[in-house]
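Please read the structure below before turning to the comments.
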Amino acid sequence: MCGIIGYIGKREAAPIMVEGLRKLEYRGYDSAGLAVLSGGRIAVRKCSGRIQDLQSHLAENTPSGVSGISHTRWATHGPATDNNAHPHTDHSGNIALVHNGVIENYQSLRDVLEAQDHVFHSDTDSEVLAHLIGYEYYKKTEPDTQERLLDAVRAALRWVKGTYGIAVLHAELPNVMIGARLGSPLVVGLGKGENFLASDVSAIVRHTRDAIYLNDYDLVAIGPNDFDVYSLDGGAAQFEVSVVDFSEEQAELTGYPHYMLKEIYEQPESVLNAMRGRLSIEESTAVLGGLNMTAQELRTIDRIVLTGCGTASHAAMVGEYLIESLARIPAEVEISSELRYRNLPTDRDTLMFALSQSGETIDTLAAMREGQRKGHRVLGICNNVASTIARESDGGVYMHAGPEIGVAATKSFTSQVTIMTLLALTLGRMNHLSASDGKTIIDELKAVPEKIRTILKQDAQIKKIAQKYARSKGMLFLGRQFNAPIAQEAALKMKEISYIYASGHPSAELKHGIIALVSPETPCVFIAPDDSVFEKNVSNIEEVKARRGPVIAITTEGKTELERICDDVIYIPKCPDYLSPLLTIIPLQLFSYHIAVELGCDVDKPRNLAKSVTVE
Ligand code: AGP
C-alpha cells in the first residue's frame, strides 16, 4: 500500500505535498518522491528512505511550481531504491505518474514497450504504466490537450490487469492533473482556487473538508478551479461531494509520543461512538439501520460467516462467540485470504460480514465479492467511510472510531467487537433474549467506556511489568472462550511492534504440545477473568509454574488468589463473560506498546508492515 498526494492551484506545490506525505507515511515508508511542473518541464525528486530523507534531498533544490504529484512507497515490485521510488516518467520525460496498486501483467506490457525501444530505469510495475500512457499519448500527433491526455490514460488503463490509484501530470498541460482508480482508494479534495488528489483525506483535511471519493473505474481531470469525473468507458460518471467527518487535529498526535498510544487512550470514546445512537432502551435492543435488512429478513438467517484479516479476524472470532452465545445462531470465522479461494458450502439463509478497519484490504474485498458472487448479502464493518468495502457491501455498520494511524490496530479492534455485541444483541432479541436480558446487556455495554478508563489508569504499573519482560525471547498468550481470540490478538500486537516471537492459544492447548515451549525465558500471559472457566485457567497456570515458567495474569478485581501463584497480576473491573474481551485487550495493548518502546522499536511504523494491505 502506498500514499499519494497531488496538488494543483496557486501555491507552491512541493511543501504542501511533503506535509501531506507525512500524513500518509503510515501507508508505506520505504521510499518517497515528488514531481513538480516547473518552467514547462517535469522536475522529479525522489529517494529511498523516509519522508525526512526526501526533505533532506529537497533541501538543496526544491523545484518551484504550482502543480505536482507525490508518493510514499511500500514496495510491491522491486526493492526500496532511488530508481524504484515514485514518481515515474514515460520515455519522453513529459509525463509523470504516481501509482498505488499492482499491475499484474506489467511484465508482458514491459516486453511490448521494450520492443518499441522504451528504456526502463526501475524494476517497478508502475514505471510500465507511465510508459504505457506515454506510448498511447504519442501515438497521436494532435495538439497537447486535456482530452488527449485523458484518452491516453484511458487507453493505457484498458491494457492493465490489476489495481491502481494514480495521479498523472503532463509538462505541456499546466492546468490539468488526471486521476484514476481501480481497487486502490483515491479521493479528490476541492479547495478554493486549488484542488487535490490523495489516497486518503488525512493528507488534505488541513486544506479542505470537501471531498469526492472516486469509485472503481472512475477517471478525474482536475484543474485549479474545476474538475470533471469520467468513467473508464468514456462517459461522465456519477459522483457526490462528501464533507470529511474528522478534523486535522483528530488525525494529529495531540501530545502523545505515538499514534498507537493515542489510539489506545481513545478507546473509551471510540467504544462509545461505536454504540452511540444504536441502543434502544425502550425496546431493549440495538438499532443497526445500516444492515439494510428487515426484521423478517434477519429472522430467517440461520448461519453467519464472518471474514477479515489480522486483527479484524480476531474481532470476528470474538463475534463468533457473541453471536452463538447471545443469539444462538451458528457462526463461523473464515480468514479472508482463505475464504476467497475456498468453495465454502453455504445455503440460502447464510449472512456474511466483512470486517475491515481500512475497508481496502484486498483479501477481505475479494472474499466479500466471492460471497456476493454466490448471491449472499455481505455486510461491511468498516471504519473508513466510503472505502471500497463499505461502498461495495450490501450495507453494514460504520465503526466511527476516527482515523487509526498506528499500523497496529487497537481502537478499531474494540470498535469492531462492540459492533459484534450490538449485532448479537439485535439477533438475540429476535430469538430468545427477553427484554430484561436485553436491558442487562445494554446497561453492561454502557458501563464499558468507564471501565476502560479504569484500566488505562494502571498504565504506569503495566509499563513496569512490560519493562521487566521486554527482553524475553518469546511469549505465549493463553485464554479460553471469549478470551481465546484475545490471546491471538495480544500475540499479534506483540509480534508486529516489538518483533518478539509470540503466539496465542486456547489455554487447554498447552498440554497438546505448547507446554514444551515453557521455560524461565518464555513468559506465559494468561487472560483469566472471573468467568465460567476461571478455575480451568488456574489449573493451566499451575502447570506452567510447575515448569518454572513466568506467568503474568490478566484477571478480575478481587481475584487476588492469583497473586500467590503468578509473577505479575493486572486487574480489570468486573463485567459479564461476553464483554470481557473489550476489557482484557486493553492492558495487553499497553503491555506490547511499552515493550516495543523499551526495545526502541518504531511503534507506529513497524518494519515490513503497512496500515492496510491493498496488494496481494
Ligand atoms: C493489526 O494490528 C494489523 N495492522 C493487521 O493485522 C490488520 O488488522 C489487517 O491487515 C486487517 O486490516 P483491515 O482491518 O484494515 O482490513
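Numbers here are sequence positions counted from 1. This is a predicted model, so every value here is computed, not measured. Order of appearance sets the numbers: ligands from 1, and atoms from 1 within every ligand.
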(request) Name the orientation class of the two ring planes belonging to Tyr256 and Tyr265 (parallel below 30°, tilted from 30 to 60°, perpendicular beyond 60°). (result) tilted
Checklist entry - Parallel under 30°, tilted from 30 to 60°, perpendicular over 60°: which one fits the rings of Phe196 and His207? => result parallel
Notebook entry, point to check: Is it true that Arg22 and Glu19 make a salt bridge, defined as a side-chain N closer than 4.0 Å to a carboxylate O?
Noted result: no
**Report entry** Lys/Arg N to Asp/Glu carboxylate O, Arg369 vs Asp216, below 4.0 Å
**Finding:** yes
If you define the side chain from C-beta out and look only at heavy atoms, does anything of Val102 sit under 4.5 Å from Asp125? yes
For ligand 1, protein residues within the heavy-atom limit of under 4.0 Å are Cys309, Gly310, Thr311, Ala312, Ser356, Gln357, Ser358, Thr361, Val407, Ala408, Ala409, Leu492, Lys493, Glu496
Identify whether NZ of Lys or CZ of Arg in Arg181 sits under 6.0 Å from the centre of the six-membered ring of Tyr164 and within 45° of that ring's axis. no
